[in-house]
J.: 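Take a look at this one; I'll ask things after.
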Amino acid sequence: MSKLPEDFYQKVYQLVKQIPTGKVTSYGAIAKALGSPQSARTVGYAMNASHKLNNVPAHRVVNRNGVLTGKHHFSGTHAMQQLLEAEGLVVIDDQIQDFDKHIWQPKNIDT
DNA sequence: ATAATGACTCCCC
DNA sequence: GGGGGAGCCATTA
């Protein structure tokens with residue numbers, strides 16, 4: 001692990017942990033809040049590492065389209081979908097309904 | 001140090 | 001509206 005990117009991960013975790021129940025956000029939004037809108041891909045990578053943590057609701061993080069692209073990385077096939085539905089969201093075919101209404105805009109922690 | 005991979009996003013056809 | 005290609009960042013081999 002490099003020295004600088006490590007902070008990036010911490011920011012990602014910190015932000016994801018701040019996502020309120022019943023809300024979701026996108027990798028790009030997180031990356032942007034971190035001051036690196038082009039590091040959306042890296043955010044996903046951080047999520048992968050967040051799997052070893054227990055306080056990082058990665059299931060609330062989806063792509064900008066509101067699609068559960070990373071559901072495949074979860075325990076089961078629909079584990080992510082079930083989690084979101086259990087939080088009051090509506091997920092159909094790995095697609096969050098009214099994603100724009102359930103989206104959660106993170107605050108810039110980079111400032 | 002170079003090359004390949006990935007839970008993304010944007011641009012073009 | 002749907003599909004394909006390129007770009008960016010960080011990690012791993």
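The figures that follow rest on heavy atoms only: side chains count, while hydrogens, waters and symmetry mates do not. Below, read A as the first sequence line, B as the second, and so on, with proteins coming before strands; counting in each chain starts at 1. Nothing here was measured: the structure is a model prediction, and the numbers come from that model.
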J.: Check every atom of C:dC9, B:dC8, B:dA7 against the side chain of A:Asn63 and return the nucleotide holding the closest atom.
T.: B:dC8

J.: Any base atoms under 4.0 Å from A:Ala58, or only sugar-phosphate, or nothing? Heavy atoms, all strands.
T.: base

J.: Let me see the working for A:Lys23 and A:Glu87 under salt bridge (charged side-chain N to carboxylate O under 4.0 Å, His left out), right down to the final yes or no.
T.: CA-CA 8 Å; A:Lys23 293 282 181 172; A:Glu87 303 201 345; over 6 Å; no

J.: Whole angstrom is fine here: how far is it from CG in A:Leu34 over to C1' in C:dC8?
T.: 15 Å

J.: Write down the distance between CG (A:Asp7) and P (C:dA10), rounded to a whole number of angstrom.
T.: 12 Å

J.: Take the protein atom CD of A:Gln38 and the nucleotide atom P of C:dG7, then report the distance between them rounded to whole Å.
T.: 13 Å

J.: Between atom CZ in A:Phe8 and atom P in C:dA10, what is the gap in whole Å?
T.: 7 Å

J.: Which dot-bracket string describes DNA chain C (Watson-Crick N1-N3 plus N6-O4 or O6-N4, or G-U N1-O2 and O6-N3, all under 3.5 Å; [ ] crossing; | other strand)?
T.: .||||||.|||||

J.: Taking NZ from A:Lys32 and C1' from C:dC8, how many angstroms apart are they, rounded to a whole number?
T.: 16 Å

J.: Choosing from C:dT11, B:dA7, C:dC9, which nucleotide comes nearest the side chain of A:Tyr9?
T.: C:dT11

J.: Please report, rounded to the nearest Å, how far the P atom of B:dG6 is from the NE2 atom of A:His51.
T.: 16 Å

J.: By nearest atom, which of the nucleotides B:dT9, C:dC9, B:dA7 is closest to the A:Arg41 side chain?
T.: C:dC9

J.: For the side chain of A:Ser26, counting heavy atoms from C-beta on, which of B:dT9, B:dA7, B:dC8 is nearest?
T.: B:dT9

J.: Could you pull out the closest heavy-atom pair between A:Ala31 and A:Ser39, with the gap in Å?
T.: CB-C, 3.9 Å

J.: Can you say whether a donor on the side chain of A:Tyr27 sits under 3.5 Å from an acceptor on the base of B:dA7, or the other way round?
T.: yes

J.: Could you state the atom-to-atom distance from NZ of A:Lys11 to C1' of C:dA10 in whole Å?
T.: 15 Å

J.: What's the closest nucleotide to the A:His73 side chain, out of B:dC8, B:dT9, B:dG6?
T.: B:dG6

J.: Donor-acceptor pair under 3.5 Å: do we get one between A:Ser39's side chain and the base of C:dC9?
T.: no

J.: Just so I know, are the side chains of A:Pro106 and A:Leu15 near enough to count as touching, which here means a heavy-atom distance under 4.5 Å?
T.: yes

J.: C:dT11 P sits how many Å from A:Asn48 CG, rounded?
T.: 12 Å

J.: Taking only side-chain N and O atoms of A:Ser36, does any of them lie within less than 4.0 angstrom of OP1 or OP2 on C:dC8?
T.: no

J.: Taking A:Val62 as the starting point, is it possible to reach A:Val56 by hopping between hydrophobic residues whose side chains are less than 4.5 Å apart?
T.: no

J.: Side chains of A:Glu85 and A:His78: is there a donor and an acceptor less than 3.5 Å apart?
T.: no

J.: As a test of understanding, state which of A:Val24, A:Ile96, A:Val67 forms a side-chain contact (heavy atoms from CB on, under 4.5 Å) with A:Val91.
T.: A:Ile96

J.: Do A:Trp104 and A:Met47 share a hydrophobic cluster, counting only Ile, Leu, Val, Met, Phe, Trp and Tyr and linking them when any side-chain heavy atoms are less than 4.5 Å apart?
T.: yes

